[in-house]
Amino acid sequence: MRGFVIIIGFDGLGWLLHSIARVPLPSHVLGLLLLTAALFLNVIKLEWVEASATLLTRHMMLFFVPLLAGVSTFLPLLQESWLAALISLTAGTAAVTLLTGLVTQLLTNKRKEIPHERQQSL
C-alpha cells in the first residue's frame with residue numbers, strides 16, 4: 001500500500017508542477033521524472049515502490065482501454081487519412097527503436113570503459 005501512495009503522490013506532484021508552475025510537460029511524465037530523481041537520490045528506497053510498480057506494469061494494458069475507446073470515435077477521420085497515420089506510426093516506432101538501440105550501445109560501451117573494480121561498487 002505504501003508503494004501506491006508514493007507513486008500516486010509523485011503523480012500528484014507532477015500535476016501540481018504542470019498546473020501551477022506551468023511546466024510544459026505532461027503531468028504524469030513530470031511525476032515519473034520526480035520519482036526517478038527521488039530513487040536516484042535515495043530519498044525513496046526501491047523496495048518501497050517495487051511491488052506496486054511491478055503490479056502496475058504487469059497490468060499496463062488496462063491503462064490503454066480509455067485511449068482505444070477514444071480512438072474508436074475517430075474511425076471515420078482515420079479512414080480518410082490512414083496513409084498519414086500509418087507513415088507517422090511507422091516512422092515514430094522506427095525512431096524510438098533506433099534511439100533506444102543507440103542509447104543502449106552508448107551506455108554499454110561506457111560501462112565497458114569503467115574499470116572492473118569500480119563497476120562492482122556501482
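Since this is a predicted model, take the numbers as computed values, not measurements.
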Report yes or no: does [X] contribute a side-chain atom to a donor-acceptor pair with the main-chain N or O of [Y] at less than 3.5 Å?
X	Y	answer
His18	Leu25	yes
Ser88	Ala85	yes
Ser27	Trp15	no

To the nearest 0.5 Å, what is the distance between CZ (Phe10) and CG (Leu30)?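 One gets 12.5 Å once the value is rounded to the nearest 0.5 Å.
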Check: residues 62-70 side-chain donor-acceptor pairs under 3.5 Å, at least two apart:
none

Joint cluster assignment, [X] & [Y], ILVMFWY side-chain distance < 4.5 Å:
X	Y	result
Ile8	Met60	no
Ile87	Trp82	yes
Leu13	Val5	no
Met1	Trp48	no

Name all residues meeting the side-chain contact (heavy atoms from CB on, under 4.5 Å) criterion together with [X]; count only those two or more places apart in sequence or in a different chain, and write none if there are none.
X	result
Leu102	Leu98, Gln105
Arg58	Thr54, Leu55
Thr108	Thr104, Lys112
Ala21	Leu17, Val23

Atom of Val96, atom of Thr100 and distance for their closest heavy-atom approach: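 For Val96 versus Thr100, the nearest heavy atoms are O-OG1, 2.7 Å.
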If you look only at distance, which donor and acceptor atoms sit under 3.5 Å apart when one is on a side chain in residues 33-45 and the other is two or more places apart or in another chain?
unit_1: Thr36; atom_1: OG1; unit_2: Leu32; atom_2: O; d: 2.8

